[in-house]
Amino acid sequence: MTNEKEPTLTREGFRDDILHHLKYTVGKDRHHASVYDWRLALSYALRDRIVEPWFASTKATWDNDYKRVYYLSMEYLIGRILEDAAINLGLKGLAAAALLDLGQDFDVIALDEPDAALGNGGLGRLAACYMESMATLGCPGYGYGVRYEHGLFRQRFEMGQQAETPEDWLSQRHPWEFERPESNYTVRFKGHMEERHGKTVWVPGETVIATAYDTPIVGWEGRWSNTLRLWGAKPTTLFDLERFNRGDYAAAAAPETLARTITRVLYPDDTTYAGKELRLKQEYFLTSASIKDILRRYLESHDDITELDKHIAIQMNDTHPALAGPELIRLLVDRHDLPFEQALEISQNVLGYTNHTLLPEALERWSTWLMGSVLPRHMQIIEKIDAAHLKANPARPASIGIVRNHEVHMGELAFVMANRVNGVSALHTELVKSQLFPALDKLHPGRVINVTNGVTPRRWLKLANPGLADLVTETIGEGWEADLDRLEELVPHIEDNGFREAFMAVKRANKAEAAHWMKVKCGIEVDPDAMFDVQVKRIHEYKRQLMNVFETIAQWHEIKKNPEGDFVPRVKIFGGKSAPGYAVAKEIIHLINDVAEVVNNDPDMRGRLKVIYPPNYNVTMAERLIPAADLSEQISTAGKEASGTGNMKLSLNGALSIGTLDGANVEIRERVGAENFFLFGMTAQEVIERRKNVNHAREAIEASQALKDVLQLIAEGRFSPNQRDRYHGLVHRAWNSDYFLVTSDFTDYQRAQAEVDAAFLDPDRWARMAALNTAKMGFFSSDRSIRGYMENIWGARSAL
Ligand code: F58
């Protein structure tokens, strides 16, 4: 077997590559090698194959002076790398065959890899999809991030409650990265400002060295490869011997302590902005090292710093790297002697800002005191930016200043510093304009634009669902992986019985596999012919897992009241983590597990209802569950979910959605057609109206016997028999506050769920709807999103 790209690479040749690395890189004899050793050897052999396109891409960018795009993100939720790289290189088959010759199984080896979990949820996963799409499209670029020692925590359930343990992906060798100790920058914190010879000088109080670790990101068919550069931290002084000798041991170790803490752990809070000093330091650490690296690279091949904006674009993934503006100005002014106004203009020309949330509690603000003490020079610059903006826009209302009420508002800072601000779905972008930044939008019409999110079809179809990917290829031919609009060509085939049967056979096989996995993982038997009803995402009140549990309880109650009745068998599958300090979300997790315990052990259910909640949802688990889903729960309170990307992955894999008019659901529904989407609930506008009625919850509950019963059952302790008052607080809040309007949308949700049941009872209808979902998802490829960024924000061109 030969690889198309490299006719010289044979099965035997690749086998030798693996053996070579096993012996000389891993240092193991093949007869004593563990799965881990084989995985390393295989990874190095694959990595070798990325190096050629990587070098070629880098060289082409230098030679042609292509515009470079820099993506700055505090999070990259990558997942496993090995299989993805093998698929993009077109080497998966060859690798599997070579391993077979060595008595090894590719799948077993791929499964050994830990997830790279340097992100919380959607925002971090989006960054990973975008890196892959930039490489696929040949967009010359770099991702910059932080090399956290511990990624997102591991979740366990103890007596139904979430417990967190540290994640330690770097405790093993990480074969995909290249350490670059020669690429390092000193990052400063604290200290004070001095005037020296008419110049403002920042005398730092603390310093740390940022040192680069590069991971090549290879695109589809290995045609282009970019770099993901993650910064690790090292102490500036290895060891302060003088202080140590004086007996001042703590002070002697201070630089090391700072270095260790800065990249120690990913902040696991995806809900509220916490205002912690360490977080600000992490954000500046990423930003400062990246901007310095960007300028260094630019000046290696250009003399004129004022031409910077013609050659680069920098994208800020939310406000977390929003210090990029002040940092770039600082370097242009303090190091390159540009006047402030010119530095400001150049910086604005290169920066773009993506907003991912409207939730007020998630918007970053830093007290001027903290900003001034951690970054005194930046605080001065931020004030100058604010003043310059006011001067240029004298009509600007005081309410939108960057610095106000003794706080720096990072959203406003990012908006003012960017030439383009984008929302992540059509609805979200409208709300960014009308609710989040109305005054700034008025001052800068046209600055806010929309780029609807997307997902990479290589990982989320080809890798996660090989059965469906093969069926697609058999039906419409090759090439859809990098041209997802071609899925539309499936539409005429949906009329064909044979195609529908094949489509549902793939789904059935995926469900059987997932059922087996659930048995092993959770010890619970589920019927692959039941409807797999899936809600996988971070646990948050606005995402309304609570409404799903209420509906589960209502269904259980129905079956109890009518044990001989006809019910469509369902497996309710939940997955997701809560921020460790988010008590209400943790209570929801507890309730799901408590309900699961009762439902799964109730003989009256006779398999008609099961609740499964496997712990530690991550990218790898998503790859398993999404292809097995029949129903996709996208049930957030309208106006709260910026976009969602799980919704796209599930539809792409042939799940039907039950959802509100929120985020990208709106666009998914437009594409699959209203008749193929189970819509329910209030619109964003109705949500605002509804809240004006202070009795909304009480009235909604009084109007629904089913909901009243659900709350009564929970309040009685039916799901917490050994602590009957466990959920009194939860029930009380449902009756009295219910900010996210679970109760107001509940009845309509039940109505939509009944429609889901009716559709599922007609397998042929369901098959058509499911296949149509796949066929209509072309738009949601992250390739389309990245093309949008390239054309409308970055002004970048493909090098391919
Ligand atoms: C998510 N945001 C949005 N934030 O909630 C989701 O609708 C959207 O599809 C996705 O971004 C991609 O645009 C999100 O995941 C975080 O996790 C932040 C982490 C850091 C602290 C604040 C939240």
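Order of listing sets the numbers, starting from 1, for every ligand and every atom in it. All values derive from a computational prediction rather than experimental measurement.
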Margin query: Is there a polar contact, in the sense of an N or O pair closer than 3.5 Å, between R279 and ligand 1?
Written below: no
Next item on the list: Mind checking whether D269 contacts ligand 1 via backbone (N, CA, C, O), side chain (CB onward), both or neither, at a 4.0 Å heavy-atom cut-off?
Entry: backbone
Next item on the list: Check whether the ring centres of W169 and H174 lie less than 6.0 Å apart, and answer yes or no.
Entry: yes
Next item on the list: Sequence neighbours left out, what passes side-chain contact (heavy atoms from CB on, under 4.5 Å) with Q155? Give chain and number order.
Entry: F153, F157, Q162, K577, I589, Y613, P615, N616
Notebook entry, point to check: For ligand 1, which atoms have a heavy atom of A642 less than 4.0 angstrom away?
Noted result: 7 (O)
Check: Starting from atom 9 (O) of ligand 1, which protein heavy atom do you reach first, and at what distance in Å?
Finding: G644 N, 2.7 Å
Note to self: Is there a polar contact between ligand 1 and H320, counting only N or O atoms under 3.5 Å apart?
What the structure shows: no
Item checked: Nitrogen or oxygen atoms of G121 and ligand 1 under 3.5 Å apart -> no
Checklist line | N or O pair under 3.5 Å between E641 and ligand 1 | finding: yes
Margin query: If you take the centroid of each ring, where Trp contributes its six-membered ring, are H150 and Y148 closer together than 6.0 Å?
Written below: no
Next item on the list: Please say whether more than 12 non-hydrogen atoms of neighbouring residues, nucleotides or ligands are located less than 6.0 Å from CZ in R447.
Entry: yes
Check: Going by distance only, is there an N or O of L126 that falls short of 3.5 Å from an N or O of ligand 1?
Finding: no
Notebook entry, point to check: Are any of the heavy atoms in T357 under 4.0 Å away from ligand 1?
Noted result: no
Checklist line | Given F678, F680, F550, the one that forms ring pair (Phe, Tyr, Trp, His ring centres under 6.0 Å) with Y749 | finding: F680
Next item on the list: Evaluate the side-chain proximity of Y144 to I294: yes if any heavy-atom separation is below 4.5 Å, no if none is.
Entry: yes
Check: Which atoms of ligand 1 sit under 4.0 Å from any heavy atom of G122?
Finding: 10 (C), 11 (O), 12 (C), 15 (O)
Notebook entry, point to check: Do R691 and Y739 meet the cation-pi criteria used here (NZ or CZ under 6.0 Å from the six-membered ring centre, within 45° of the axis)?
Noted result: yes
Checklist line | Close approach of E75 to ligand 1, heavy atoms, under 4.0 angstrom | finding: yes
Checklist line | Pick from N317, L152, N453, V455: the one approaching atom 12 (C) of ligand 1 most closely through a non-hydrogen atom | finding: N453
Notebook entry, point to check: Would a 4.5 Å heavy-atom cut-off, applied to side chains only, mark R459 and R125 as touching?
Noted result: yes
Next item on the list: Report yes if A362 has an N/O atom closer than 3.5 Å to an N/O atom of ligand 1; otherwise report no.
Entry: no
Check: Which of parallel (below 30°), tilted (30 to 60°) and perpendicular (above 60°) describes F189 and Y284?
Finding: perpendicular
Item checked: With D783 via side-chain contact (heavy atoms from CB on, under 4.5 Å) - residues at least two apart -> S133, T136, L137, R458, S781, R787
Notebook entry, point to check: Any idea which protein heavy atom is nearest atom 15 (O) of ligand 1, and the distance to it?
Noted result: L123 N, 2.9 Å
Note to self: Any nitrogen or oxygen of Y542 lying under 3.5 Å from a nitrogen or oxygen in ligand 1? Just yes or no.
What the structure shows: yes
Check: Which protein heavy atom lies closest to atom 13 (O) of ligand 1, and at what distance to 0.1 Å?
Finding: H356 ND1, 2.6 Å
